[in-house]
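Worksheet: the structure to be examined is printed underneath.
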Amino acid sequence: MRALLIVSLLALAACAETTQAVDGVARRSAKAAVAETFATRFPMVPKAAVTPFSDCVIDNASAREIGEFAKDAVIGVSETTVALVRSVIERPETQSCITKAGLAALTA
């Protein structure tokens with residue numbers, strides 16, 4: 001019984017590590033798509049602010065939205081990507097993050 005408990009705990013730990021690794025890959029891919037969107041579709045965003053703004057969008061996106069952004073990193077940025085970025089930007093938490101990130105990028 002004790003051995004079964006130990007094996008179960010090890011399996012659970014391995015699942016958690018795998019989930020974190022998959023989430024990390026999806027977030028990096030999603031961030032690349034969002035950064036490309038800012039760079040190509042939002043010319044008013046200063047180059048120095050693209051990365052911090054992308055971080056804000058990813059940090060405030062849902063798991064489903066991150067999945068969509070990650071997919072867009074593979075198939076290419078489209079008007080759907082732009083609409084999704086705008087949707088996430090409209091959230092108060094994202095706007096607050098972008099305001100702080102923009103000030104930091106402009107004063108750096």
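Just so it is clear, the structure is predicted and the values come from calculations on it, not from any experiment. We number each residue from 1, following the sequence as shown.
The list of side-chain hydrogen bond (donor to acceptor under 3.5 Å, both in side chains) pairs with a residue in residues 64-75, not counting sequence neighbours, reads S62-E65, E65-R91, E68-K71, D72-T81. Judged as a side-chain hydrogen bond (donor to acceptor under 3.5 Å, both in side chains), the pairs with a partner in residues 36-46 (not counting sequence neighbours) are, in order, R41-E79.
A distance-only check finds no donor-acceptor pair linking the side chain of S29 to the backbone of A73 [under 3.5 Å].
Note that SG of C56 and CD of E93 are 11.5 Å apart. Values are rounded to the nearest 0.5 Å. In this structure, OG1 in T94 is found 14.5 Å from CZ in R86, a value given to the nearest 0.5 Å. Taken to the nearest 0.5 Å, the CD atom of Q95 stands 10.5 Å off from the CG atom of N60. In this structure, CD1 on I89 lies 11.0 Å from SG on C97, to the nearest 0.5 angstrom.
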**Item:** Intermediate values then yes/no, side-chain contact (heavy atoms from CB on, under 4.5 Å), T51 and F38
**Value:** CA-CA 9 Å; T51 297; F38 276 121; over 6 Å; no
**Message:** Please determine whether side-chain contact (heavy atoms from CB on, under 4.5 Å) holds for the pair V34 and F53, giving the CA-CA distance in whole Å, both sets of side-chain angles, and the decisive distance to 0.1 Å.
**Reply:** CA-CA 9 Å; V34 172; F53 284 15; over 6 Å; no
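V57 and V77 fall into different hydrophobic clusters, where Ile, Leu, Val, Met, Phe, Trp and Tyr are joined by side-chain heavy atoms under 4.5 Å apart, directly or via other members.
Scored by the side-chain contact (heavy atoms from CB on, under 4.5 Å) test, A35 finds V50, S54 as partners (sequence neighbours excluded).
Side chains of R27 and D59 form a contact here, defined as non-hydrogen atoms less than 4.5 Å apart.
The nearest pair of heavy atoms linking F69 to A33 is O-CB, 3.2 Å.
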